[in-house]
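By convention in this document, chain letters (A, B, ...) are assigned in the order of the sequence lines, proteins followed by strands, and residues within each chain are numbered from 1. Basis for what follows: all heavy atoms, side chains included, without hydrogens, waters or symmetry-related copies.
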Protein chains: 2
Amino acid sequence: MHYEEGKRQFIQTWGRLGSEWGINRSMAQVHALLLISATPLSTEQIMEELSISRGNANMNIRDLLDWNLVHKELVPGDRKEYFRAEKDIWEIARRIAKERKRREIEPVKNVLEQLQAVEGDKNQPDIAAFIQMMEQLNSFVGKMDTSIDVMLKADQNWFFGTLFKLIK
Amino acid sequence: MHYEEGKRQFIQTWGRLGSEWGINRSMAQVHALLLISATPLSTEQIMEELSISRGNANMNIRDLLDWNLVHKELVPGDRKEYFRAEKDIWEIARRIAKERKRREIEPVKNVLEQLQAVEGDKNQPDIAAFIQMMEQLNSFVGKMDTSIDVMLKADQNWFFGTLFKLIK
DNA sequence: TTGTATTTTCAATAATTATTGAAAATTAAA
DNA sequence: TTTAATTTTCAATAATTATTGAAAATACAA
């Protein structure tokens with residue numbers, strides 16, 4: 001396979017993976033494009049490469065900046081903004097984990113804590129089952145949360161290395 | 001908060017979490033309902049509780065069966081099918097991980113392996129950057145894949161216990 | 001078998017989510 | 001300042017995804 005075809009396929013694969021995991025396809029494609037670019041790209045270049053509109057490009061670049069996956073880069077003598085992606089995969093994984101934890105897991109955790117304490121007759125099987133499930137979920141989500149904290153503080157090789165010792 | 005309100009909130013929270021992670025909201029809500037039910041439920045009961053159509057209920061129950069998160073239960077003397085969810089959270093997490101690995105990660109892994117070997121002049125910075133990124137991604141996705149394998153074979157307490165030792 | 005309950009399918013429709021494109025706002029050079 | 005380049009916003013529209021509901025298929029009891 002030639003590079004051009006590989007590039008096309010990578011962008012579309014990354015986009016599909018993103019949408020399977022609840023991430024806007026264009027955002028994932030902009031990310032893919034920046035991931036494999038040797039140089040920072042302008043909004044124009046991104047629009048051009050992906051055949052998307054200025055509004056779409058702009059909005060998704062902003063989102064990638066919010067996720068800390070991309071940063072602005074100044075090119076001396078050029079008024080345009082350029083964008084470059086973080087290239088270290090472990091760092092990317094940590095930033096995604098950090099944001100999903102903050103945006104999606106913590107809010108659920110807060111709700112579950114409330115729900116553990118519902119009022120009602122615990123002799124009713126449905127109420128007992130509900131409370132038991134909330135307790136189990138609280139415990140599990142708490143452990144997931146701590147696991148992410150472990151990951152956020154860890155070095156890649158150490159993290160995987162220690163994990164893999166489990167299997168032996 | 002009373003049980004009825006808690007139940008409503010749990011179903012909607014689980015549904016929202018699902019859709020943030022690329023899972024159909026109704027499917028997540030059917031799952032939530034079954035997770036907290038002390039007894040297996042029929043399609044009719046699910047339709048009623050969630051105010052959804054028969055087609056929708058049926059399709060999402062099938063999907064949950066495909067994900068191995070729910071199984072059929074026979075009620076003697078009743079022709080209807082009843083459904084009960086797996087209640088052990090660690091087991092649920094493993095089954096979800098197993099399916100997402102099979103459906104989403106393995107295909108990406110296969111594509112990335114191809115892409116690592118694109119043809120082109122490696123003195124061109126973009127081509128060099130592309131290949132380098134594919135190598136990094138392959139290595140990372142391989143480790144993620146192995147991590148899931150570790151999880152699939154592990155016991156919950158052992159898994160988290162060992163992980164948490166990392167932080168101390 | 002035949003009739004009835006139950007499940008499945010799927011075309012039509014609705015709801016949601018993403019995208020466009022042009023106007024408004026902002027920025028910075030002249 | 002004024003002007004022009006650039007970025008942002010957002011209402012309109014398009015694309016995608018989910019849902020309905022009724023007909024078809026299936027399963028089962030009589």
Side-chain angles (χ1 to χ4, degrees), chain A residues 11-34 40-67 70-84 100 103-104, chain B residues 11-34 40-67 70-84 100 103-104:
Chain A
I11 290 168
Q12 96 113 23
T13 299
W14 207 242
R16 184 168 46 74
L17 185 65
S19 63
E20 285 168 347
W21 286 78
I23 287 155
N24 175 302
R25 205 185 74 237
S26 293
M27 176 171 153
Q29 289 186 338
V30 172
H31 189 220
L33 179 63
L34 291 173
L41 301 180
S42 68
T43 302
E44 247 92 25
Q45 290 172 302
I46 292 168
M47 290 164 60
E48 162 73 16
E49 288 264 20
L50 301 177
S51 308
I52 61 176
S53 70
R54 182 174 302 282
N56 192 6
N58 181 267
M59 164 176 272
N60 285 302
I61 292 166
R62 292 308 123 191
D63 282 350
L64 287 165
L65 291 167
D66 287 345
W67 280 76
V70 162
H71 58 268
K72 275 191 208 176
E73 193 118 331
L74 295 178
V75 169
D78 195 333
R79 209 165 132 180
K80 281 209 235 4
E81 292 176 334
Y82 286 78
F83 305 96
R84 184 194 291 279
R100 295 206 93 147
R103 299 175 188 211
E104 295 155 10
Chain B
I11 289 168
Q12 96 113 23
T13 299
W14 207 242
R16 183 168 47 73
L17 185 64
S19 65
E20 284 168 348
W21 287 77
I23 287 156
N24 174 304
R25 206 185 74 238
S26 293
M27 176 170 153
Q29 289 186 338
V30 172
H31 189 220
L33 179 62
L34 290 172
L41 300 180
S42 67
T43 303
E44 246 93 24
Q45 290 173 301
I46 293 167
M47 289 164 60
E48 162 74 15
E49 288 264 20
L50 301 177
S51 308
I52 62 176
S53 71
R54 182 175 301 284
N56 191 7
N58 182 267
M59 164 175 273
N60 285 302
I61 291 167
R62 293 309 121 189
D63 282 349
L64 287 165
L65 290 168
D66 288 345
W67 280 76
V70 162
H71 57 270
K72 275 191 207 175
E73 193 117 332
L74 296 178
V75 169
D78 196 333
R79 214 164 128 180
K80 281 210 243 348
E81 292 176 335
Y82 286 77
F83 305 96
R84 184 194 291 278
R100 296 207 93 147
R103 299 176 187 209
E104 296 155 9

### Task
Go through A:Trp14 and A:His31 one step at a time and tell me if the side-chain contact (heavy atoms from CB on, under 4.5 Å) criterion holds.
CA-CA 8 Å; A:Trp14 207 242; A:His31 189 220; 3.3 Å; yes

### Task
Scan residues 17-31 of chain B for pairs that pass salt bridge (Lys or Arg N to Asp or Glu O under 4.0 Å), counting only residues two or more places apart or in two chains.
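Residue pairs with at least one partner in residues 17-31 of chain B: B:Arg16-B:Glu20.
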
### Query
Could you go step by step and tell me if A:Phe83 and A:Leu34 meet the side-chain contact (heavy atoms from CB on, under 4.5 Å) rule?
CA-CA 8 Å; A:Phe83 305 96; A:Leu34 291 173; 4.2 Å; yes

### Message
Return the CE to CD1 distance between B:Met47 and B:Ile61, rounded to the nearest 0.5 Å.
### Response
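CD1 of B:Ile61 is found 9.5 Å from CE of B:Met47.
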
### Residues, nucleotides or ligands: over 12 heavy atoms within 6.0 Å of A:Met27 CE
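Enclosed.
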
### Query
In terms of heavy-atom contacts, does CG of A:Leu65 have more than 12 from other residues, nucleotides or ligands at under 6.0 Å?
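Result for CG/A:Leu65: enclosed.
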
### Message
Does anything in residues 11-32 of chain A come within less than 4.0 Å of DNA chain D? Heavy atoms only, and list the residues if so.
### Response
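Within residues 11-32 of chain A, no residue comes under 4.0 Å of DNA chain D.
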
### Task
Specify whether A:Trp21 and B:Trp21 have parallel, tilted or perpendicular ring planes, treating 30° as the upper limit for parallel and 60° as the lower limit for perpendicular.
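Answer is perpendicular, since the angle exceeds 60°.
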
### DNA chain D: 5'-most and 3'-most nucleotides touching chain B, 4.0 angstrom heavy-atom criterion
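Using the under 4.0 Å cut-off, the span is D:dA18 to D:dC28.
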
### Task
Taking A:Asn58 for its side chain and A:Arg54 for its backbone only, find out whether a donor-acceptor pair lies under 3.5 Å.
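Between the backbone of A:Arg54 and the side chain of A:Asn58 there is no qualifying donor-acceptor contact (under 3.5 Å).
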
### Query
Is a side-chain N or O of B:Gln45 found less than 3.5 angstrom from the main chain of B:Ser42, in a donor-acceptor match?
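A pair under 3.5 Å: yes.
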
Could you list the protein-to-nucleotides 24-30 of chain C atom pairs, N/O on both sides, closer than 3.5 Å?
unit_1: C:dT27; atom_1: O2; unit_2: A:Arg79; atom_2: NH2; d: 2.6

### Message
Is the shortest side-chain heavy-atom distance between A:Trp67 and A:Arg103 below 4.5 Å?
### Response
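They are in contact (side-chain heavy atoms under 4.5 Å apart), so the answer is yes.
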
### Message
Heavy atoms within less than 4.0 Å of DNA chain C: which residues of residues 51-61 of chain A have one? Give them sorted by number.
### Response
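Residues of residues 51-61 of chain A under 4.0 Å from DNA chain C: A:Ser51, A:Ile52, A:Ser53, A:Gly55, A:Asn56.
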
### Task
Output, in order, the C-alpha distance, side-chain angles, deciding distance and verdict of side-chain contact (heavy atoms from CB on, under 4.5 Å) for B:Leu33 and B:Leu41.
CA-CA 9 Å; B:Leu33 179 62; B:Leu41 300 180; 3.7 Å; yes

### Message
Among residues at least two apart in sequence or on other chains, which ones pass salt bridge (Lys or Arg N to Asp or Glu O under 4.0 Å) with A:Glu48?
### Response
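Here no residue qualifies.
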
